[in-house]
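This report refers to the structure that appears directly beneath it.
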There are 2 protein chains.
Amino acid sequence: MLDITEVVRRSGVPASTLRYYEEKGLILSTGRRGLKRIFAPRVLDQLALIALGRAAGFTLDEIGEMFDAGGEPSIDRHALSAKADALDDTIRKLSAMRDGLRHAAKCPAPSHLECVQFRRLMNIASARMKVEKQRGSQDI
Amino acid sequence: MLDITEVVRRSGVPASTLRYYEEKGLILSTGRRGLKRIFAPRVLDQLALIALGRAAGFTLDEIGEMFDAGGEPSIDRHALSAKADALDDTIRKLSAMRDGLRHAAKCPAPSHLECVQFRRLMNIASARMKVEKQRGSQDI
DNA sequence: CCTTGACCTCAAGCCAGCTTCAAGTTGCAG
DNA sequence: CTGCAACTTGAAGCTGGCTTGAGGTCAAGG
C-alpha cells in the first residue's frame, strides 16, 4: 500500500494529477488513512497505461471508456478494435509526415511544394485525413 | 487568386481559422481587395501541410518553425531531422498501443495487467516515453 | 445612389487537461 | 500534548487552438 507521495515518487505523476484522475474515475484510491489517500501498487500500472493512451492521442474520456478504474480493458472488444484501427490510420499519417520531413531535410529542390516526391507524401497523408474526418475519429 | 470564401470551400478550413493562422504567421494573404483578403492558390497546399503537421501532433508554433509562411521547409535541416526522429519514437509508441489494444480485444486473460504479453507491450512503450521526457520532445 | 451581405477587427469565450491557491485537517516526531 | 509538514478540498487560473459576437466597412447588384 502506497501513500500519494510514494506514488508520485515512483510514477513521476504529480499529486494534483493523481487527484484529478481519481476525480475523473480513471484510477481508484483503495482507502484513506485519516484524510490521506492510500493506493494499491497496481495503480502504478494503471498510470503507465494512461500515459500510454495519452501519448497515443486518446482523450482521458476515451481512456476511461477503454479501461475501467481498475485498469482492466473494457468488455467492449469491438470498441477496442476500433481504437486500434484508428491508431493504424494515425500511424500511416505520421509515417508520411516523417518521410516528408526527412525528404525535405535532404532534397535540394527550390520549392518543396512543387517537388513531386514531397507532394506525393503530402497527398497520401491528407487523403487519409479526409477518411478520418468522415468517421469523426482519432483527431490527435 | 482566391477570396477567403473560395479558400474555405476548397480547403474545408473555416474562415476564422484562416484569419487565426494568418495572424500567427503560418500563412500569408497576398493582398486585399478593399478590406477583403486575397489568397494565392498555393495557400491550399500550405493548409494541407499544416493539417498534416497538426495530425502528427505538432503545435502550430512548431509547424511555424518547420515551414515558413510561404510553406517552404525551414532552412534548418537539422531541426527537420530531429522532428522526424521524434515522430519515429511516437510511431513506436502508437504501434505498441495498437498492438496492446488488439491483444486486449482478443486475449481471454482474467487480468490484463498481469498478462505477460500485455505487460511486454506496455513496457516497450513506457520505456520509450521516459526517453522522450528526458529529451523534452514530442509529447502529443 | 443606396442597400445588402460578405467581409473585416478586436475582444471575449470555450474545451481539455491540468496546476495553483487559499483555507482547513491530521498523522506523527519531539 | 504540541506543532508542523504533509495532506485535504473546492474553486479559480492557465495554455493551445480555435470560435463567437458585436459593431464597422465596402464592392457590387438593382
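Nothing here was measured: the structure is a model prediction, and the numbers come from that model. Just so we're on the same page: letters track the sequence lines, and every chain starts at 1.
- What separates CZ of A:Arg33 from P of D:dT8 is a distance of 11 Å, to the nearest Å.
- Although no hydrogens or angles enter the test, the distance criterion places no donor-acceptor pair under 3.5 Å between the side chain of B:Arg33 and the main chain of B:Lys36.
- Taking atom CZ of A:Arg32 as the reference point, atom P of D:dC7 lies 13 Å away to the nearest angstrom.
- Where B:Thr17 and A:Phe39 meet DNA chain D, the nucleotide closest to each residue was compared, and A:Phe39 sits on the side nearer the 5' end.
- With rounding to whole Å, B:Tyr20 atom OH is found 16 Å from C:dA11 atom P.
- Although no hydrogens or angles enter the test, the distance criterion places a donor-acceptor pair under 3.5 Å between the side chain of B:Arg42 and the main chain of B:Gly70.
- Atom pair A:Lys36:NZ and D:dC4:C1' shows a separation of 11 Å (rounding to whole Å applied).
- Between B:Leu49 and A:Leu113 the shortest side-chain heavy-atom distance falls below 4.5 Å.
- The shortest distance between the side-chain N/O atoms of B:Arg37 and the OP1/OP2 oxygens of C:dT9 is below 4.0 Å.
- Per the geometry, CD belonging to A:Glu62 stands 14 Å off C1' belonging to C:dG17, to the nearest Å.
- Annotation: of the two residues near DNA chain C, B:Glu6 and A:Thr59, the 5′-most nearest-nucleotide partner is B:Glu6.
- In this structure, the CG atom of A:Leu35 is 16 Å from the P atom of D:dA6, given to the nearest Å.
- The distance from atom NZ of A:Lys24 to atom C1' of C:dG17 is 8 Å, rounded to the nearest whole Å.
- Summarising the geometry, the separation between CZ on A:Arg19 and P on C:dT20 is reported as 12 Å, rounded to the nearest angstrom.
- Proximity of B:Tyr21 to the phosphate of D:dC18: a side-chain N or O atom is located under 4.0 Å from OP1 or OP2.
- Put simply, the side chain of A:Ser29 never gets that close to the backbone of A:Arg37: no donor and acceptor are under 3.5 Å apart.
- Using a 4.0 Å heavy-atom distance criterion, B:Ser16 is classed as a base contact.
- No salt bridge links B:Glu114 with B:Arg119; every basic N to acidic carboxylate O contact stays at or beyond 4.0 Å.
- Taking the nucleotide of DNA chain C with the nearest heavy atom to each of A:Leu60 and B:Ile38, the more 5' of the two is matched to B:Ile38.
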